[in-house]
Undergrad: 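First the structure, which I've put down as structure tokens, then a few questions once you've had a look.
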Amino acid sequence: MNRCQKTQQQLAESGPDAVLQDQQLQQHLDHCPQCSELLEALQQLDAELTGMPELDAPDQLVANTLQAVRQAEPAAQMSGFDRNRLRWASGFAAVFVAVSVAGLWQAGWREMVLQRDYLTDPFSSTASAPASDPDRLNEYEEEQAPDDHSSIGQSNRRAEIIENQRKRELNSRIQNKSARQAEPAAAPPELPAAGEIAFPGGASDTNPTDNIPMPARSVPTGLQRVDTTGSRVSQVDPKSPRQSSYIPLQDSSELRGNDKDQQQAYQQNLREQLLNSQTLPRDELKALAKTIADGRLPTEQPSPGDNPPAELVRIATTGGSLSAGESAEYRAQEKRQRDQQALDYHLTEQTGGLEPAEIESVIPQSPAEPVAEARFANKQRNPTTGSGKADQAPGQEIRRSPPVDQAQQFLNQLDSLDGLSYQSASGYWANNYVPGDPVIAFLQSQLKQRETNVSIDHSRLQQLAQPIWQPFDMPAEAALATYLHSDKSHIDGPTRLRLQVGLQTSEHRGGQRPAMNLAVVLDLQDATRTQFSTEIRALLDALQAARQTGDRFSLTIAGQPGGVLIPAGEFRHGTVAVAVNQMFDDAAPASSDTLSLPQAITAAGQDLISADSADSVLGTNLMLLVTATTWYSFEDLLQLKQLVHQNAVNGLLLSAVSLGSKSNVQIINDLVLAGQGQRRSLPNADAAKSVIEEELYTASRAVARAVRLRIQLAPGVKLVEVHGSRRLDTDQAQRVRQAENSIDQRLADNLGIAVDRGEDEAGIQIVIPAMPAGSRHVVLLDVVAEQPGPIADVQVRYKDLIHLRNAVARARLNLADQPRSAGKLELNVIKNLLALELAETLSNTSQSLVEQDIQAAKRQLSNAHELLSGLRQQVPELAVDADLIRDEQLLAEYQRMLNLDDINQYVNQRYLADALQLAAFHKLTGPLE
Amino acid sequence: MNANQATAAGYHPGKTMTKEHNPAIDLTQRRIEMEQRHARRQWLVRHCAGDQNAFPELLQWLRAPLYNYLMRCGVHTDSRDDVFQEIFLKIHSAAASYQTSRPLRPWVFSIAANTVRNHFRTEKNRRSIPLNDALECHADPAPGTERQVTASEAISWLEQAIMHLPLRYREVLVLTIIQGLPLKEAAAILKLPLNTVKTHLRRARLALLEARASRERTQEHV
């Protein structure tokens with residue numbers, strides 16, 4: 001062995017640390033590039049090995065293990081005398097074994113032992129079985145007796161017998177396995193007592209603990225058992241069901257059958273409810289019940305009342321950014337679409353056998369629980385909160401009631417079970433979480449550009465309009481955590497509850513961003529090019545400055561002249577400068593090429609796809625729509641959304657940057673939701689750098705993707721409403737599935753996170769494409785629970801981009817019937833509900849001001865103020881609540897402004913309307929950082 | 001990078017020369033460590049004496065290392081929970097035979113190593129777990145905020161490469177490099193001669209290096 005070989009051996013054995021201990025080794029490494037290279041490789045390898053994430057046992061497993069240990073026989077304390085006695089015993093045993101082996105050696109075992117090569121494998125299951133297992137030895141002796149007694153023949157025969165023994169054991173195991181697979185899912189009613197389970201210790205082992213019998217433990221009824229491992233199983237009669245003493249593990253894959261059982265029970269429950277229902281024809285009910293019993297999902301049907309296709313045409317009332325005519329057109333579009341939807345539904349149902357009269361009164365979202373349309377007949381969905389609120393006729397006098405009455409009415413309404421209608425707690429529901437700049441960025445920029453002579457202390461208003469603090473701890477060991485709280489601490493009968501599902505992502509974020517394949521699409525159809533020349537120059541300069549090695553940027557312009565201005569790969573300082581000069585130089589000859597926005601997006605998408613690869617990280621293929629357009633026709637918007645959705649399914653995400661203050665927030669929201677990207681606002685040129693940096697780093701700041709929130713209500717718990725969301729129709733749900741599956745596949749391709757989506761789940765499903773670090777989201781549900789016990793189960797499946805894995809976060813809520821005073825968590829749910837109410841009030845007040853109805857605005861603020869005051873008087877826990885006191889101050893401040901003389905001027909009214917709208921968003925999302 | 005450069009780069013996490021050596025702090029630190037070690041060794045004694053809090057403390061201390069060990073040794077996810085539970089039941093049953101004069105960790109890992117060996121031996125499922133399974137863990141302490149795609153790919157590749165090693169190499173590698181146990185302790189746990197452990201470790205390292213080189217060649221070829 002030469003010096004290099006010796007060095008390399010030493011390095012590989014002792015690791016790179018060996019160089020620090022050996023002077024000669026260091027000297028050799030200084031002069032030998034080959035060995036030095038090996039050292040470097042070893043250092044890198046060791047660093048990677050030590051840097052591998054440490055895995056922790058699931059809490060459920062640990063809890064079950066602890067429970068198993070506690071249910072086991074108590075560990076005996078061994079005295080020193082016992083130990084000494086054991087030592088003596090083991091000494092005697094060793095002597096005995098030595099003598100026996102010597103005797104057997106002499107008796108002719110030598111040949112057999114030498115011929116058995118399996119003994120050389122220390123891990124073989126039968127390595128020393130014949131010598132240690134008395135049962136097998138006896139069996140062996142009996143089998144070999146009739147044969148000849150020549151030593152070689154005898155040893156061969158013994159080898160054959162042992163081989164046969166191994167085969168029989170293998171067959172026995174296979175039979176056991178088959179028997180296990182054929183077993184019913186439920187655990188046997190009675191388990192053997194301690195000692196009844198056979199643990200003969202099939203293999204000898206040097207471990208003194210291997211022969212310790214497993215103590216028997218009871219298995220809770222209804223749970224499946226978990227199989228033990230080891231050769232012991234082979235000794236059990238394969239015909240009898242295998243019985244194990246292990247505590248069932250919730251996380252074990254074998255327990256998944258329980259979910260099925262639960263689901264079956266739930267389906268059975270549903271079927272009974274169906275059959276007891278008097279609303280639908282009996283034949284229809286039976287058919288639907290059969291569908292459910294067959295394991296198919298209940299048919300999702302569109303609901304003309306509650307689920308209009310208004311996702312496409314929701315009216316944006318963001319501080320009056322839309323003109324009255326535009327709003328009217330949107331409303332007309334919405335009405336037409338709603339009527340068409342109702343007509344389609346009507347026709348569908350006619351063919352399905354339902355009478356038209358029933359369509360008017362019943363919304364069969366689910367065959368199980370018909371929903372009365374009357375509940376939503378007078379509701380208009382609020383763009384801020386998404387929740388419904390009864391419209392008031394103009395000029396209608398509202399009964400003024402003292403504060404306590406307002407509060408009492410609110411509290412009564414919280415608990416009221418009268419006149420409720422229920423929705424099916426299943427299917428896909430709309431996601432209303434949009435990452436990126438909050439909407440308030442738009443409003444803030446609008447507010448700054450408005451003129452007013454009302455004295456407003458903006459900073460004070462911002463301080464007052466703070467969101468409720470949420471009791472969600474940052475997850476330390478995962479990318480996302482979920483929380484489930486209720487506004488009631490206990491229930492003793494049919495009770496109306498508000499459930500609060502919270503999502504909180506980790507603060508971890510990537511420091512470096514991957515190379516970006518970015519296509520900028522400039523949409524300047526509505527505005528003159530010179531109007532935003534400063535902002536666009538700043539944006540392109542910022543993009544140029546942020547460009548890193550591997551980045552691939554391009555610029556496409558929609559409008560006339562339109563086309564690809566800077567192809568990918570040519571986005572350099574000089575090219576950008578020339579292109580910008582051409583774009584804003586009025587003297588330059590204008591090109592006659594026209595490119596509509598859908599065409600521009602298609603062209604940019606094709607360019608992105610040409611450079612896409614399966615290895616690229618999701619989010620690195622990005623289209624950045626920079627738009628100053630305030631209005632798209634309904635058809636254009638529909639086409640755009642479909643195009644953007646298809647691009648997102650193909651891995652090309654779309655983010656939107658709004659120029660100026662007149663952009664339509666709702667259009668931007670719709671596009672960004674379809675494109676799975678972020679919403680940005682560029683109010684002035686100074687913000688360009690931060691906008692671009694935020695956008696480019698987005699891919700590395702997402703900590704959870706394909707977040708699938710599943711809320712399953714327990715049997716007997718009925719859903720009244722999901723605040724701020726609505727159930728999606730079949731087409732919308734299909735788009736959500738497509739988007740989710742595309743993310744799933746993409747992350748499997750480029751990060752190796754296994755594909756695990758594609759199947760619908762029971763319960764309410766909300767899919768959020770991505771959540772960045774440090775974000776939180778709250779979903780509020782209004783439900784009615786019939787009795788104490790389990791209320792809801794929340795499961796969040798997501799792609800953990802910190803630890804690169806499929807992860808699940810769970811939360812469950814059980815409410816007992818034992819009275820317990822409401823704590824801070826319960827109060828937090830009520831406060832969140834109040835925050836929604838307040839935001840809605842502020843938004844409605846803003847709308848009233850836009851419509852120049854000052855009296856209505858005053859009434860709304862006054863009612864809200866009285867509600868808060870009354871609640872503080874009636875609920876002792878809220879008497880000194882800082883959030884409520886702050887809200888009251890906020891309302892008082894706006895009431896003061898509404899009473900000023902100058903408020904009659906239109907300019908001031910619009911300004912205050914924007915300020916109120918901004919406060920509404922502040923209340924829900926918090927001010928901008 | 002040569003040896004001197006490696007030393008200069010601070011590769012070895014030994015005593016830093018920039019900090020002033022403070023014997024008082026060292027002494028305090030050592031005393032704290034000794035007390036902790038002593039307390040750990042009393043867990044099983046307390047458990048045998050009926051102390052309800054002792055075993056949970058032991059479980060909490062060992063849950064991550066043992067689960068990590070099972071995972072890295074390639075115990076399949078279907079049976080990993082069973083093996084985990086089995087190890088602790090064995091610890092519970094054998095608690096009386098533990099002698100407080102001996103360190104606890106090797107004793108526990110000895111049980112774990114034998115249980116894992118038995119598991120593979122009896123089930124004959126010495127199979128490589130897929131990459132996604134390797135990454136599908138329930139919770140782990142944060143590996144750091146700087147997650148680069150290349151780094152994660154390297155770790156993913158490494159997970160697979162480790163799973164392809166023979167069990168005897170894998171367990172040595174896991175105990176010494178990943179769990180950070182000294183070679184002597186690993187040898188005691190695995191009941192192998194020290195030189196055998198060294199040989200296994202050397203072969204494991206070289207096999208991983210070879211796998212890496214092969215992967216790089218494949219990538220270049222693609």
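Residue numbering restarts at 1 for every chain, and letters A, B, ... go by the order of the sequence lines. What you see below is based on every heavy atom in this structure, not just the backbone, and it leaves out hydrogens, waters and symmetry mates.
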Undergrad: Can you pull the ring pair (Phe, Tyr, Trp, His ring centres under 6.0 Å) pairs that have at least one residue in residues 34-54 of chain A, sequence neighbours excluded?
TA: none

Undergrad: For a quick test of reading the model, state the closest non-hydrogen atom pair linking A:Ala41 to B:Arg212 and the distance between them.
TA: O-NH2, 4.4 Å

Undergrad: How would you list all residue pairs meeting salt bridge (charged side-chain N to carboxylate O under 4.0 Å, His left out) that involve residues 96-108 of chain B, not counting sequence neighbours?
TA: none

Undergrad: Need one label for B:Ile87: side chain, backbone, both or neither, based on atoms under 4.5 Å from any heavy atom in chain A.
TA: neither

Undergrad: Measure across A:Arg70 and B:Gln52 and return the closest heavy-atom pair with its distance rounded to 0.1 Å.
TA: NH2-O, 3.2 Å

Undergrad: Where does B:Ile91 contact chain A at under 4.5 Å (heavy atoms): side chain, backbone, both or neither?
TA: neither

Undergrad: Quick one: CD on B:Glu86 to OG1 on A:Thr65, what's the gap to the nearest 0.5 Å?
TA: 11.5 Å

Undergrad: Check each atom of B:Ile177 against the heavy atoms of chain A and say whether the ones under 4.5 Å are side chain, backbone, both or neither.
TA: both

Undergrad: Mind ranking A:Glu13, A:Gln8, A:His28, A:Gln10 by heavy-atom pairs under 4.5 Å with chain B and telling me who comes out on top?
TA: A:Glu13

Undergrad: What are the residues of residues 201-211 of chain B, in order of number, with any heavy atom under 4.5 angstrom from a heavy atom of chain A?
TA: B:Leu201, B:Arg202, B:Arg205, B:Leu206, B:Leu208, B:Leu209

Undergrad: Which heavy atom in A:Val69 sits nearest to a heavy atom in B:Phe88, and how many Å separate them?
TA: CG2-O, 4.1 Å

Undergrad: Looking at A:Ala57 and B:Phe84, what are the two nearest heavy atoms and their distance?
TA: CB-CZ, 3.7 Å

Undergrad: Side chains of B:Arg63 and A:Asp59: closer than 4.5 Å at any heavy-atom pair?
TA: yes

Undergrad: Just wondering, do A:Leu45 and B:Leu158 contact through their side chains at under 4.5 Å, heavy atoms?
TA: yes

Undergrad: For A:Asp756, enumerate each residue passing the side chain to side chain contact (heavy atoms under 4.5 Å, CB included) test, keeping only those at least two apart in sequence or located in another chain.
TA: A:Asp744, A:Arg797, A:Lys799, A:Asn806

Undergrad: To the nearest 0.5 angstrom, please state how far the OG1 atom of A:Thr50 sits from the CD atom of B:Gln179.
TA: 12.5 Å

